[in-house]
Novice: 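There's a structure below that I have some questions on.
Both backbone and side-chain heavy atoms feed into the values below; hydrogens, waters and symmetry mates do not. So that the names make sense, note that chain A is the first sequence line, chain B the second, and so on, each numbered from 1.
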Amino acid sequence: MTVVTRFAPSPTGYLHIGGARTALYNWLFAKHHACHGTGGKFFLRIEDTDRARSTQEAVDAIYAGLTWLGLDWEGEPVSQFARADLHRAAAERLLAEGKAYRCYCSTEELAAMREAARKEGRQRMYDGTWRDRDPADAPKGVDPVIRLKAPLEGETVIEDRVQGRVTVANAQLDDMVLLRADGTPTYMLAVVVDDHDMGITHVIRGDDHLTNAFRQTQLYLALGWDAPQFAHIPLIHGQDGAKLSKRHGALGVEAYRDAGFLPETLRNYLLRLGWGHGDDEIISTDQAIDWFGLENVGKSAARFDIAKLTNLNGHYIREADDARLVELVMERLEAGHPGRLAKDARDRLFKGMAGLKERAKTISELSENSTIYALQRPIEMTEKAQQQLGADGLALLRGLRPVLDAAGTWNDEALMATTREFAEAGGHKLGAVAQPVRAALTGSTVSPSVFEIMDVLGREETLGRLDDVLAGP
RNA sequence: GUCCCCAUCGUCUAGUCAGGCCUAGGACACGACCCUUUCAAGGUUGAGACACGGGUUCGAAUCCCGUUGGGGACGCCA
């Protein structure tokens with residue numbers, strides 16, 4: 001049997017981190033089955049039935065977020081709103097079959113019922129006023145909603161692929177609204193009709209939908225359809241242990257991109273947040289597709305840990321292709337230092353990237369560190385760097401300058417040998433010379449190897465920077 | 001409040017379904033040391049958890065019950 005999954009966000013904002021993980025799991029599950037013979041498809045459906053809150057910007061942000069994350073979907077995204085007629089038809093059918101009824105309660109009456117229910121410690125809010133009442137009693141001029149005639153007794157059971165068997169007494173569930181007074185379908189109806197029509201076999205979504213699954217199960221039953229397999233994955237919590245949501249600390253994926261995280265980092269991190277495969281931590285996407293399964297999804301919520309994400313990102317930066325990193329860095333540098341980039345910034349970055357990427361955990365940090373190559377002279381000095389350039393430091397640089405000027409081969413190894421020789425001749429350790437050089441060359445006390453830097457910068461630029469310092473303020 | 005779910009180091013987790021291989025393993029973060037031209041990376045190492053209480057059993061992190069704690073859901077939102 002072909003596995004069909006979907007990601008169904010409502011376009012009321014960016015694609016947040018929890019949604020991204022839900023999308024990832026659905027995508028992975030479909031890909032896994034596609035790669036293991038049985039077939040798998042992953043669809044995207046935009047749940048835009050709430051016209052007041054849905055925006056095209058949000059839809060675009062969702063596309064952009066998924067695309068950046070590298071999660072591709074089958075065909076055109078489905079607009080739930082565009083299918084409203086089908087949803088309505090399903091409700092009408094239930095009405096005709098006597099499985100649903102019109103309810104004329106006003107919002108005030110409903111509010112009173114809600115209050116009474118809570119006061120009495122009941123979960124069921126709607127009291128079924130119109131369930132068996134004669135439609136002839138209907139007040140004039142009131143547009144009714146259509147409610148499902150849900151079972152009053154017994155229990156509804158879902159065999160959740162993650163949570164196991166979950167049971168609730170039907171007495172807890174009231175008659176849900178299927179069609180609003182204005183004739184538009186509710187989420188509950190739309191989801192069921194759409195998932196059925198789209199042939200969804202596995203509904204993988206956040207644990208916050210677990211109670212919805214009960215109602216949806218009742219709806220599937222009433223409509224005479226088989227319910228899909230449900231898999232409710234635990235929520236992601238913030239540092240405070242509460243559900244991460246758009247209103248509560250969840251950032252959009254683009255915020256992580258802007259902060260300098262790589263998409264493969266997010267994929268790996270999000271995968272591991274709530275899913276495990278033995279002691280494996282670094283898991284490529286191909287490996288994830290091969291391994292992913294619902295059996296290994298944990299049952300408890302997980303906290304989002306930016307430190308671990310950052311560490312993982314460092315790993316993926318080190319692994320990333322230099323040319324790709326150069327482009328990512330150049331983009332930021334051009335935006336952050338307009339008009340101040342050196343002519344051969346790109347070439348230098350490419351040459352120095354191997355040393356640079358070893359030391360950065362985010363693209364932002366990498367860009368920051370890249371300025372030692374990318375920016376024109378004269379360079380800015382940090383206070384600590386300035387301290388390296390006291391009388392002693394400058395004296396060493398003054399001595400080293402002609403030695404470098406006369407150096408034969410201008411490369412990493414040769415320059416180190418030359419400098420070491422110079423240092424030892426003066427009774428210094430290499431580090432004693434290297435630090436002032438670093439300060440002069442980079443304006444910082446922290447950088448890649450100074451000899452690598454000289455190599456990347458070339459003789460002319462290196463000597464130029466030394467001269468800038470030697471010339472004094 | 002009612003219903004539902006969850007519970008292993010600070011965090012993410014392995015182990016739980018098929019009880020002994022667990023004096024509980026890995027990763028991040030933290031401490032120390034090594035490497036070293038700085039910083040990273042890397043290596044070695046330290047500290048650090050089965051929420052509690054009862055059962056069942058020769059034996060329980062693993063099974064059962066309860067307690068506590070945490071979370072989620074209770075809309076003519078999705």
Novice: Looking only at side-chain N and O atoms, does A:Lys243 come under 4.0 Å of OP1 or OP2 in B:A73?
Specialist: yes
Novice: Mind checking who B:C63 pairs with, Watson-Crick or G-U wobble, both distances under 3.5 Å?
Specialist: B:G55
Novice: In terms of side-chain heavy atoms of A:Val145, which of B:U37, B:C39, B:C76 is nearest?
Specialist: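 Given the options B:U37, B:C39, B:C76, the side chain of A:Val145 is closest to B:C76.
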Novice: Would you classify A:Gly314 as touching base, sugar-phosphate or nothing, given that sugar-phosphate means primed atoms plus P, OP1 and OP2, and contacts are heavy atoms under 4.0 Å?
Specialist: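 A:Gly314: no heavy atom of the nucleic acid under 4.0 Å.
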Novice: Expressed in whole Å, how much space separates the C1' atoms belonging to B:U45 and B:C35?
Specialist: 15 Å
Novice: Searching all strands shown, indicate the nucleotide that pairs with B:A18 (Watson-Crick or G-U wobble; both distances under 3.5 Å).
Specialist: none
Novice: Report the distance from atom CZ of A:Arg420 to atom P of B:U37, rounded to the nearest whole Å.
Specialist: 6 Å
Novice: According to the Watson-Crick and G-U wobble definitions, with both distances under 3.5 Å, which nucleotide is paired to B:U68?
Specialist: B:A7
Novice: Using only heavy-atom distances, decide whether a donor-acceptor pair under 3.5 angstrom links the side-chain of A:Arg438 to the base of B:U37.
Specialist: yes
Novice: Nearest whole Å is fine: how far is B:U8 C1' from A:Lys299 NZ?
Specialist: 15 Å
Novice: Using whole Å, what does the distance between atom C1' of nucleotide B:U16 and atom CD of A:Glu295 come to?
Specialist: 15 Å
Novice: Starting the side chain at C-beta, find the nucleotide from B:U2, B:C28, B:A73 nearest to A:Ala307.
Specialist: B:C28
Novice: Whole Å only: how far is the NE2 atom of A:His315 from the P atom of B:A29?
Specialist: 14 Å
Novice: When we call it a touch if two heavy atoms are under 4.0 Å apart, what does A:Arg53 touch: a base, just sugar-phosphate, or nothing?
Specialist: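 Counting heavy atoms under 4.0 Å across all strands, the contact made by A:Arg53 includes a base.
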Novice: Could you work out which one of B:U37, B:C4, B:A40 sits closest to the side chain of A:Glu358?
Specialist: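 Out of B:U37, B:C4, B:A40, the nucleotide with an atom closest to A:Glu358's side chain is B:A40.
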Novice: Which of these nucleotides, B:U11, B:U37, B:C76, is closest to any side-chain atom of A:Arg303?
Specialist: B:U11
Novice: Between B:A29, B:C5, B:C12, spot the one nearest the side chain of A:Val166, thanks.
Specialist: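 The nucleotide sitting nearest to the side chain is B:C5.
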Novice: Between B:A78, B:A40, B:G71, which one does the side chain of A:Ser10 approach most closely?
Specialist: B:A78
Novice: Round to the nearest Å and state the distance from A:Leu366 atom CG to B:A41 atom P.
Specialist: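 Whole-Å distance recorded here is 15 Å.
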Novice: How is A:Thr167 classified with respect to the nucleic acid when contacts are heavy atoms under 4.0 Å: base, sugar-phosphate, or nothing?
Specialist: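 If one applies the 4.0 Å heavy-atom cut-off, A:Thr167 turns out to touch the sugar-phosphate alone, with no base involved.
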Novice: Distance between the P atoms of B:C9 and B:A49, in whole angstroms?
Specialist: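 Here B:C9 and B:A49 have their P atoms 9 Å from each other.
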Novice: Between A:Arg438 and A:Gln435, is any side-chain donor less than 3.5 angstrom from a side-chain acceptor?
Specialist: yes
Novice: Taking the C1' atom of each, how far is B:G1 from B:C76, in whole Å?
Specialist: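 Here B:G1 and B:C76 have their C1' atoms 24 Å from each other.
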Novice: Using Watson-Crick or G-U wobble geometry with both distances under 3.5 Å, which nucleotide pairs with B:U37?
Specialist: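 Pairing partner, where one exists within any strand: none, as none qualifies.
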Novice: In whole angstrom, give me the gap between the P atoms of B:U8 and B:C50.
Specialist: 11 Å
Novice: For a quick check of understanding: with a heavy-atom distance under 4.0 Å over all strands, which category does A:Cys103 fall into, base, sugar-phosphate or nothing?
Specialist: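 Result for A:Cys103 = nothing.
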Novice: Can you tell me, in whole Å, how much space there is between the C1' of B:C21 and that of B:U62?
Specialist: 14 Å
Novice: Give A:Ala302 one of three labels, base, sugar-phosphate or nothing, depending on what nucleic acid heavy atoms sit under 4.0 Å from its own.
Specialist: sugar-phosphate
Novice: Within the pair A:Ser447 and B:C39, is there a side-chain N or O less than 4.0 Å away from OP1 or OP2?
Specialist: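 Negative; the distance criterion is not met.
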Novice: Is the NZ or CZ atom of A:Arg51 positioned over A:Phe81's six-membered ring, under 6.0 angstrom from the centre and within 45° of the axis?
Specialist: yes
Novice: Distance check needed: B:C28 C1' versus A:Tyr269 OH, whole Å only.
Specialist: 9 Å
Novice: Taking the cut-offs as 6.0 angstrom to the six-membered ring centre and 45 degrees off its axis, would you call A:Arg147 and A:Tyr126 a cation-pi pair?
Specialist: yes
Novice: Contact class for A:Thr49 vs. all strands (heavy atom < 4.0 Å): base, sugar-phosphate, or nothing?
Specialist: sugar-phosphate
Novice: Is the closest basic N to carboxylate O distance between A:Glu47 and A:Arg45 below 4.0 Å?
Specialist: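 Judged by the 4.0 Å cut-off on N to carboxylate O distance, A:Glu47 and A:Arg45 do form a salt bridge.
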Novice: Nearest nucleotide by nearest heavy atom, which residue falls closer to the 5' end of RNA chain B, A:Asp174 or A:Met188?
Specialist: A:Asp174
Novice: Scan every strand shown for a Watson-Crick or G-U wobble partner of B:U44, both distances under 3.5 Å, and answer none if you come up empty.
Specialist: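 Checking every strand shown, B:U44 finds its partner in B:A32, with both distances under 3.5 Å.
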Novice: Regarding B:G25, can its base be found pairing with the side chain of A:Asp279 as donor and acceptor, where the two atoms are less than 3.5 Å apart?
Specialist: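 Side chain to base: pair found, below 3.5 Å.
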Novice: On RNA chain B, check which nucleotide each of A:Thr107 and A:Pro448 is closest to and give me the residue with the more 5' one.
Specialist: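 This one resolves to A:Pro448.
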Novice: Consider the side chain of A:Arg272, meaning its heavy atoms from C-beta on, and name the nucleotide among B:U13, B:U37, B:G72 that approaches it most closely.
Specialist: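 For the A:Arg272 side chain, the nearest candidate turns out to be B:U13.
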Novice: For the pair made of CD in A:Glu281 and P in B:A29, what is the distance, rounded to whole Å?
Specialist: 11 Å
Novice: Work out how far the P atom of B:A51 is from that of B:U11, and round it to whole angstrom.
Specialist: 12 Å
Novice: On a whole-Å scale, what distance lies between the P atoms belonging to B:C17 and B:A73?
Specialist: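 Pairwise P distance, B:C17 against B:A73, rounds to 31 Å.
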Novice: Could you check which nucleotide pairs with B:U2 in any of the strands shown, counting Watson-Crick or G-U wobble with both distances under 3.5 Å?
Specialist: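 B:A73 - that is the nucleotide pairing with B:U2, both distances being under 3.5 Å.
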Novice: Please check: side-chain N/O of A:Lys99 versus main-chain N/O of A:Ala222, any donor-acceptor pairing under 3.5 Å?
Specialist: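 At least one qualifying donor-acceptor pair exists.
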Novice: Walk me through whether A:Trp73 and A:Tyr63 qualify under ring pair (Phe, Tyr, Trp, His ring centres under 6.0 Å).
Specialist: CA-CA 10 Å; A:Trp73 55 91; A:Tyr63 294 163; 5.6 Å; yes
Novice: So, is A:Asn212 close to the B:A78 phosphate, meaning a side-chain N or O under 4.0 Å from OP1 or OP2?
Specialist: no
Novice: Check every atom of B:U38, B:A27, B:A78 against the side chain of A:Gln435 and return the nucleotide holding the closest atom.
Specialist: B:U38
Novice: Just how far, in rounded Å, is C1' of B:G26 from NE2 of A:His277?
Specialist: 14 Å
Novice: With a 3.5 Å cut-off and heavy atoms only, can you find an N or O donor on one side and an acceptor on the other between the side chain of A:Ser449 and the base of B:U37?
Specialist: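 Checked by distance alone, the answer is yes.
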Novice: Side chain of A:Val177 only, heavy atoms from C-beta on: which candidate in B:C76, B:U37, B:A41 is closest?
Specialist: B:C76
Novice: Hey, is the main chain of A:Leu262 close enough, under 3.5 Å, to the side chain of A:Asn313 for a donor-acceptor pair?
Specialist: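 Yes; judged by distance alone, with no hydrogens or angles, the pair exists.
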Novice: Would you check if A:Ile204 and A:Phe7 make a side-chain contact, meaning some heavy-atom pair closer than 4.5 Å?
Specialist: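 A side-chain contact is absent here, since even the closest heavy-atom pair is not under 4.5 Å.
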Novice: Flag the pair A:Arg88 and A:Glu92 as a salt bridge only when some basic side-chain nitrogen lies within less than 4.0 angstrom of an acidic carboxylate oxygen.
Specialist: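 The answer is no: the pair does not qualify as a salt bridge.
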Novice: Within the 4.0 Å heavy-atom criterion, would you say A:Pro234 contacts the bases, only the backbone, or no part of the nucleic acid?
Specialist: nothing
Novice: May I ask you to decide whether A:Arg83 forms a salt bridge with A:Asp197, counting only side-chain N to carboxylate O separations under 4.0 Å?
Specialist: yes
Novice: Base, sugar-phosphate or nothing for A:Ile282? Non-hydrogen atoms, less than 4.0 Å.
Specialist: nothing
Novice: Looking at the side chain of A:Lys361, which of B:A73, B:A40, B:U37 is the nearest nucleotide?
Specialist: B:A40
Novice: Over all strands shown, is A:Phe304 touching base, sugar-phosphate only, or nothing at heavy-atom distances under 4.0 angstrom?
Specialist: nothing
Novice: Distance between the C1' atoms of B:G19 and B:G69, in whole angstroms?
Specialist: 27 Å
